Amino acid sequence: MAIQTIKVPDIGGAEGVEVIEISVKVGDVIAEGDSIVVLETDKASMEIPADKAGKVVAIKVNLGDKVSQDAVLLEVEAEGSAVAPAPQAAAPAAAAPAAAPAPVAAAPVSAAAAEVPMVVPDIGGAEGVEVIEISVKVGDEVAAGDSLIVLETDKASMEIPAEAAGKIVSLAVKVGDKLSQGSVIGLLATTGSAAVAAPAAAPAKAEAAPAAAAPAPKAEAPKAAPAPVADVAQTGDVYAGPAVRKLARQLGVDMGKVSGTGPRGRLLKDDVRSYVKPIVQAAQSGASFGGSGIPTLPVVDYSKFGEIEIVKMSKIKKLTADAMTRSWLNVPRITQFDDADITDLEVFRNSMKAEAEKRGSKLTPLPFIVKAVAAALVAEPSFNVSVHQDGESIVHKKFVHIGIAVDTPNGLLVPVVRNVDKKGLFELADEINVLAKKARDGKLTPAEMQGGCFTISSLGAMGGNGFTPMVSAPTEVGILGVSRAQMKPVWNGKEFIPRNMLPLSLSYDHRAVNGADAGRFMTYLVSVIGDLRRLLL
Ligand code: CAO
């Protein structure tokens with residue numbers, strides 16, 4: 001079997017035309033007329049059909065190569081009976097090098113605007129070529145060279161550019177119309193000094209021509225519909241004109257991923273734009289590409305449903321809302337639940353109430369919980385950390401400062417009790433009371449709300465069985481929600497006995513704390529709250 005070459009046929013004299021797609025691979029068996037590569041000038045893309053049948057044994061061009069007539073594209077092992085027509089045979093249009101829609105014979109017009117017809121220039125003698133895209137609309141301002149319409153033959157699509165700058169006054173064609181040289185596309189009101197090309201005087205000029213007509217051997221290899229061009233990366237069939245390909249390249253769009261809505265699935269510029277738009281929007285909103293992004297909330301007119309009053313959020317509420325949204329979006333949060341048995345704690349606390357009152361202190365369960373949390377932070381230091389802003393390090397803290405969430409008329413505030421591990425229960429009770437009062441009176445200083453390692457949010461006085469508190473990002477990685485204690489029947493191995501059970505909800509930042517750390521922290525905390533003597537160990 002002889003090895004034969006397939007070369008670039010006459011492409012209307014165009015030189016250095018870029019290879020933008022290679023439609024075959026080594027080993028493929030091709031028939032005459034099969035598309036083997038796609039070349040693209042700045043105005044037209046053209047499929048180069050095989051002029052020999054056989055098995056592809058070598059591909060002699062790469063994507064991006066610039067080729068001219070007679071450049072070797074492929075080597076094929078020709079089949080016995082395959083005819084090997086000369087390359088020229090496949091390019092009947094060579095005799096009529098494709099035309100120049102470019103304004104080669106520009107005729108200056110007066111400075112005043114004039115209405116001139118826009119006509120189809122010489123398109124290599126092709127007749128009845130289908131309009132597959134109209135790139136402008138009435139009223140559009142165009143520059144000379146801007147694409148007006150796209151025509152498509154069996155094998156090539158070609159943009160017909162404006163021959164002068166101006167405003168589109170009317171359009172006489174629609175998608176699907178069949179046009180030939182001289183067909184009127186519409187009327188253009190040329191601007192001032194624009195040069196107007198005389199379409200009739202447009203001699204062939206290879207580089208500017210939609211030379212695509214040349215390699216399209218329509219007579220020899222007619223096809224019912226333009227064959228979709230195989231995407232080089234084999235990501236699927238891509239069928240698009242040069243302008244669309246250029247746009248896709250400029251935007252970095254993989255055309256294989258875009259669905260074409262044009263005739264026969266052809267990709268249009270709008271398809272590329274529609275593909276890119278949501279990606280850009282998602283990127284601008286900070287959302288990642290992998291997910292669905294953060295959809296915006298719809299605007300609702302609540303007055304439609306009844307009487308309403310709109311009240312501005314307090315500054316504190318607004319700051320809290322921002323902080324909560326930041327936490328929600330940045331912290332992969334897990335919440336774990338357990339009940340601590342505070343029966344003995346309550347017996348002790350009640351026994352201390354009189355003494356506390358004598359000191360002027362109010363001893364609620366909270367200082368006990370705060371003290372137990374401090375012990376847990378020391379015993380399980382994985383919670384006494386912050387995620388470093390470098391995203392790669394963890395900040396370990398050698399101090400134990402605990403924030404207490406305080407409900408105030410203006411919103412939520414979190415004063416910080418410092419060095420909890422070094423303070424006694426009365427001292428903690430007093431400090432919490434002082435800070436809570438300052439919070440409610442709006443007298444907390446910023447310093448009193450900073451430096452916390454962990455937060456406790458107690459809703460015990462209000463009720464509830466549990467909740468999922470939000471981690472205070474970025475400074476902390478854990479928060480304990482305390483709900484209302486209640487008597488519950490607890491199985492002691494022999495019988496159910498009434499015990500005072502305190503529901504605890506431990507939320508943590510899973511970037512810094514793993515489930516086992518949290519399990520150990522919670523178990524230790526519950527054991528300390530259940531038996532305060534453990535604080536002495
Ligand atoms: N179970 C049952 N009773 C409880 C309880 C619990 N877990 N916690 C407190 N109580 C009782 C107290 O013992 C007290 O009862 P007595 O007066 O009979 O002793 C009563 O409830 C009221 O307590 P308190 O609220 O005055 O005091 P506290 O120490 O429990 O809480 C403070 C102090 C500042 C934390 C609290 O006033 C507060 O503001 N809590 C709201 C916190 C908050 O808003 N968290 C949500 C943040 S996330 O949105």
Side-chain angles (χ1 to χ4, degrees), residues 3-31 33-52 54-77 87 90-91 98 150 152-159 206-207 209-216 226-260 265-269 271-272 275-276:
I3 302 293
Q4 296 190 319
T5 55
I6 298 181
K7 297 178 181 174
V8 176
D10 182 346
I11 47 175
E15 296 279 332
V17 183
E18 188 175 349
V19 177
I20 59 158
E21 292 183 18
I22 299 174
S23 315
V24 293
K25 57 187 185 312
V26 171
D28 281 358
V29 175
I30 54 172
D34 281 358
S35 172
I36 51 172
V37 298
V38 180
L39 305 183
E40 187 177 84
T41 65
D42 55 350
K43 288 292 172 200
S45 60
M46 47 195 136
E47 293 183 13
I48 302 299
D51 57 4
K52 302 174 184 71
K55 187 173 180 182
V56 177
V57 291
I59 295 172
K60 295 294 190 186
V61 284
N62 293 311
L63 287 181
D65 281 0
K66 301 281 171 50
V67 296
S68 307
Q69 184 178 344
D70 289 337
V72 176
L73 297 170
L74 300 183
E75 284 179 359
V76 292
E77 197 175 70
V150 182
E152 188 176 80
T153 65
D154 286 358
K155 286 290 177 190
S157 58
M158 50 195 130
E159 293 183 12
E207 311 88 275
V229 179
D231 185 76
V232 183
Q234 301 299 315
T235 50
D237 290 341
V238 175
Y239 175 34
V244 178
R245 289 176 188 281
K246 189 173 174 192
L247 179 67
R249 265 203 313 278
Q250 284 169 340
L251 297 174
V253 170
D254 174 354
M255 291 196 298
K257 295 191 171 150
V258 185
S259 308
R266 187 174 187 277
L267 240 61
L268 307 179
K269 280 182 177 172
D271 296 330
V272 176
Y275 176 80
V276 166

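Everything quoted here is computed from the prediction, not taken from an experiment. Position 1 is the first residue of the sequence, and the numbers go up from there.
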Participant: Any side-chain heavy atom of Val19 within less than 4.5 Å of one from Asn62?
Facilitator: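 When only atoms from C-beta onward are counted, Asn62 and Val19 do not touch, as no gap falls below 4.5 Å.
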
Participant: So if I apply the side chain to side chain contact (heavy atoms under 4.5 Å, CB included) rule between Ile6 and each of Val24, Ile30, Val56, Ile48, which one comes out positive?
Facilitator: Ile30

Participant: If you compare all heavy atoms of Leu39 against all heavy atoms of Ile20, which two are closest, and at what distance to 0.1 Å?
Facilitator: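 Closest approach of Leu39 to Ile20, heavy atoms only: C-CG1, 4.4 Å.
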
Participant: Find the distance between CD (Glu77) and CD1 (Ile3) and round it off to the nearest 0.5 Å.
Facilitator: 5.0 Å

Participant: With a 4.5 Å cut-off on side-chain heavy atoms, are Ser68 and Val8 touching?
Facilitator: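 In short, these two side chains do not touch, never coming nearer than 4.5 Å.
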
Participant: What closest approach, in Å, do Val276 and Leu251 show between heavy atoms, and which atom pair accounts for it?
Facilitator: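 Where Val276 meets Leu251 most closely, the heavy atoms are CG2-CD1, 4.0 Å.
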
Participant: Between Gln69 and Pro9, which heavy-atom pair has the shortest distance, and what is it?
Facilitator: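 Residues Gln69 and Pro9, closest heavy atoms: CG-O, 3.5 Å.
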
Participant: If we only count heavy atoms from C-beta on, is the Ser259 to Asp271 side-chain gap below 4.5 Å?
Facilitator: no

Participant: Between CD1 of Ile59 and CG of Asp28, what distance do you get to the nearest 0.5 Å?
Facilitator: 7.5 Å

Participant: I'd like to check Val76 versus Val57 (side-chain heavy atoms, cut-off strictly below 4.5 Å). Are they in contact?
Facilitator: no

Participant: Got a second to check how far Asp51's CG is from Ile36's CD1, nearest 0.5 Å?
Facilitator: 7.0 Å

Participant: Provide the closest heavy-atom pair for Thr5 versus Lys52 in the form atom of the first, atom of the second, distance.
Facilitator: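 Residues Thr5 and Lys52, closest heavy atoms: O-NZ, 2.7 Å.
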
Participant: Looking only at heavy atoms, what is the nearest atom pair of Val17 and Met46, with distance?
Facilitator: CG1-CE, 4.1 Å

Participant: Which heavy atom of Ala50 sits nearest a heavy atom of Ala31, and at what distance?
Facilitator: CB-O, 3.7 Å

Participant: Between Leu73 and Lys60, is any pair of side-chain heavy atoms under 4.5 Å apart?
Facilitator: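 The answer is no, as the side chains (C-beta and beyond) never meet within the 4.5 Å cut-off.
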
